[in-house]
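This report concerns only the one structure given below.
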Amino acid sequence: MKNKPSILLIYTGGTIGMVQDTKGQLCPFDFSHLYRQIPELKKFDVTISSVSFDKPIDSSNMNPTDWITLAKMIETNYPAYDGFVILHGTDTMAYTAAALSFMLENLSKPIILTGSQLPIGTIRTDGKENLITAIEIAATTKNAKPVIPEVAVYFEYHLYRGNRTKKNSSEQFNAFQSPNYPPLAEAGVHLNFNH
């Protein structure tokens, strides 16, 4: 019997992890209620666990000390999980992806960063699709090996190499691009990987 892939969600902060409280104010999402907020995740044949920074931070405040914390969280949990999805604010997501790609050498598992332009608790959020597809990519294998054994950024139907990504918009859902390297995958009706 095949074991379910196990994915660890790491929430650092950012818009994707925000919901409105009863007063309409944005506050960090309680990831123990993840399946209530995103019931589509129940359809995955994947085991999902989550951990958060002790104090979620705005990505504009992300710094090298936070990158070290993140790398250590991945290192500590590396043997126990098949892949990692990092929920991150968009302002410095590309910088974090680049830093992790150089800090975490010889990877054999996917580390996918994603986020959103609108909070996950809003009606038009892009966060649900970004999160769902990032988890699917992190769990995808071929011949019992991960298809994407590296640090990557997934945003608005495109998966980009972590150290080839840049943010190009604060207003559009397609907020990232990789001008000097082709996408690693595109999501449509199917996930199409660029082998």
Side-chain angles (χ1 to χ4, degrees), residues 7-18 48 50-53 56-78 81-118 120 126-140 146-170 172-187 191-195:
I7 303 298
L8 180 63
L9 290 180
I10 301 173
Y11 177 55
T12 64
T15 301
I16 193 168
M18 304 300 277
I48 301 170
S50 64
V51 63
S52 297
F53 271 22
I57 58 173
D58 185 289
S59 74
S60 62
N61 295 324
M62 185 71 68
N63 63 57
T65 302
D66 299 312
W67 296 338
I68 292 168
T69 299
L70 195 49
K72 285 181 179 177
M73 288 172 87
I74 293 167
E75 180 185 31
T76 300
N77 290 286
Y78 198 79
Y81 293 93
D82 298 309
F84 301 85
V85 173
I86 299 170
L87 304 179
H88 196 289
T90 61
D91 289 341
T92 57
M93 186 186 303
Y95 298 108
T96 297
L100 289 176
S101 75
F102 293 109
M103 293 171 77
L104 303 169
E105 296 181 323
N106 302 315
L107 290 175
S108 60
K109 298 178 181 183
I111 298 171
I112 312 298
L113 286 87
T114 195
S116 66
Q117 296 286 60
L118 291 173
I120 210 156
D126 54 328
K128 280 189 179 185
E129 192 282 324
N130 287 346
L131 176 56
I132 288 167
T133 306
I135 291 169
E136 186 175 5
I137 289 168
T140 299
V147 174
I148 304 292
E150 62 180 278
V151 178
V153 171
Y154 179 78
F155 218 89
E156 189 66 11
Y157 307 113
H158 290 89
L159 182 71
Y160 301 114
R161 177 156 283 162
N163 54 26
R164 296 291 185 268
T165 305
K166 72 174 198 163
K167 185 175 179 183
N168 67 320
S169 176
S170 295
Q172 302 298 316
F173 284 152
N174 59 341
F176 289 85
Q177 63 180 354
S178 178
N180 298 314
Y181 200 85
L184 300 177
E186 293 185 46
L191 282 176
N192 294 309
F193 292 95
N194 182 0
H195 297 285

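Across every non-hydrogen atom of Ile112 and Ala134, the tightest pair is CG2-CB, 3.9 Å. A pairwise comparison of heavy atoms in Val153 and Met93 identifies CG1-SD, 3.7 Å as the closest pair. Residue Asn194 comes nearest to Pro182 through the heavy atom pair ND2-CB, 3.8 Å, listed as atom of the first residue, atom of the second, then distance. Considering all non-hydrogen atoms of both residues, Tyr78 and Phe84 come closest at CA-CZ, 3.6 Å. The nearest pair of heavy atoms linking Pro146 to Pro110 is CB-CD, 3.7 Å. The two residues Ser108 and Pro149 come nearest to each other via the heavy atoms C-CB, 3.8 Å.
Looking only at side-chain heavy atoms (C-beta outward), Tyr95 and Met62 stay at 4.5 Å or farther from each other. Within the 4.5 Å cutoff, the side chain of Phe155 has no heavy atoms near those of the Phe173 side chain. Here the side chains of Ile148 and Phe193 are in contact, with some heavy-atom distance below 4.5 Å. Using a 4.5 Å heavy-atom threshold, the side chains of Thr133 and Tyr157 count as separate. A heavy-atom distance below 4.5 Å is found between the side chains of Phe53 and Leu70. Taking 4.5 Å as the limit, every side-chain heavy atom of Lys166 sits out of range of all side-chain heavy atoms of Phe176. Annotation: side chain of Leu8 is not in contact with side chain of Val85 (no heavy-atom distance under 4.5 Å). Within the 4.5 Å cutoff, no side-chain heavy atoms of Leu191 are placed close to those of Val147.
Here the CD atom belonging to Glu150 is positioned 13.0 Å from the CG atom belonging to Asn106, to the nearest 0.5 angstrom. The distance from the CG atom of Leu107 to the CG atom of Leu100 is 9.0 Å, given to the nearest 0.5 Å. To the nearest 0.5 angstrom, Lys128 atom NZ is 12.0 Å from Ser116 atom OG. The CG atom of Leu113 sits 4.0 Å away from atom CD1 of Ile86, with the distance rounded to the nearest 0.5 Å. Annotation: the span from Leu184 atom CG to Leu159 atom CG amounts to 5.0 Å, rounded to 0.5 Å. Note that the OG1 atom of Thr92 and the CG atom of Asn61 stand 8.5 Å from one another [nearest 0.5 Å].
Using a distance-only test at 3.5 Å, with no hydrogens or angles considered, a donor-acceptor pair links the side chain of Lys109 to the main chain of Tyr81. A donor-acceptor pair is defined here as one N or O able to donate and one able to accept, closer than 3.5 Å; such a pair exists between the side chain of Tyr11 and the backbone of Gly14. Proximity of a side-chain donor or acceptor of Asn163 to a complementary backbone N or O of Ala99 within less than 3.5 Å is not detected. Of the possible donor and acceptor atoms, none in the side chain of Asn192 sits under 3.5 Å from a partner among the backbone N and O of Ala185. Listed for the Asn130 side chain is a donor-acceptor partner under 3.5 Å among the backbone atoms of Glu156. In this structure, Asn77 contributes its side chain and Met73 its backbone to a donor-acceptor pair below 3.5 Å. A donor-acceptor pair is defined here as one N or O able to donate and one able to accept, closer than 3.5 Å; such a pair exists between the side chain of Ser178 and the backbone of Arg164.
For the residue pair Glu129/Tyr154, the side-chain donor-acceptor check at 3.5 Å is satisfied.
Evaluated for a side chain to side chain contact (heavy atoms under 4.5 Å, CB included) with Leu87, the options Leu131, Thr12, Ile10, Thr15 yield exactly one hit, Leu131.
We find that Asp91 and Lys167 are joined by a salt bridge, their nearest charged nitrogen and carboxylate oxygen being less than 4.0 Å apart.
By the 30° and 60° cut-offs, the orientation of the rings of His158 relative to Tyr160 is parallel.
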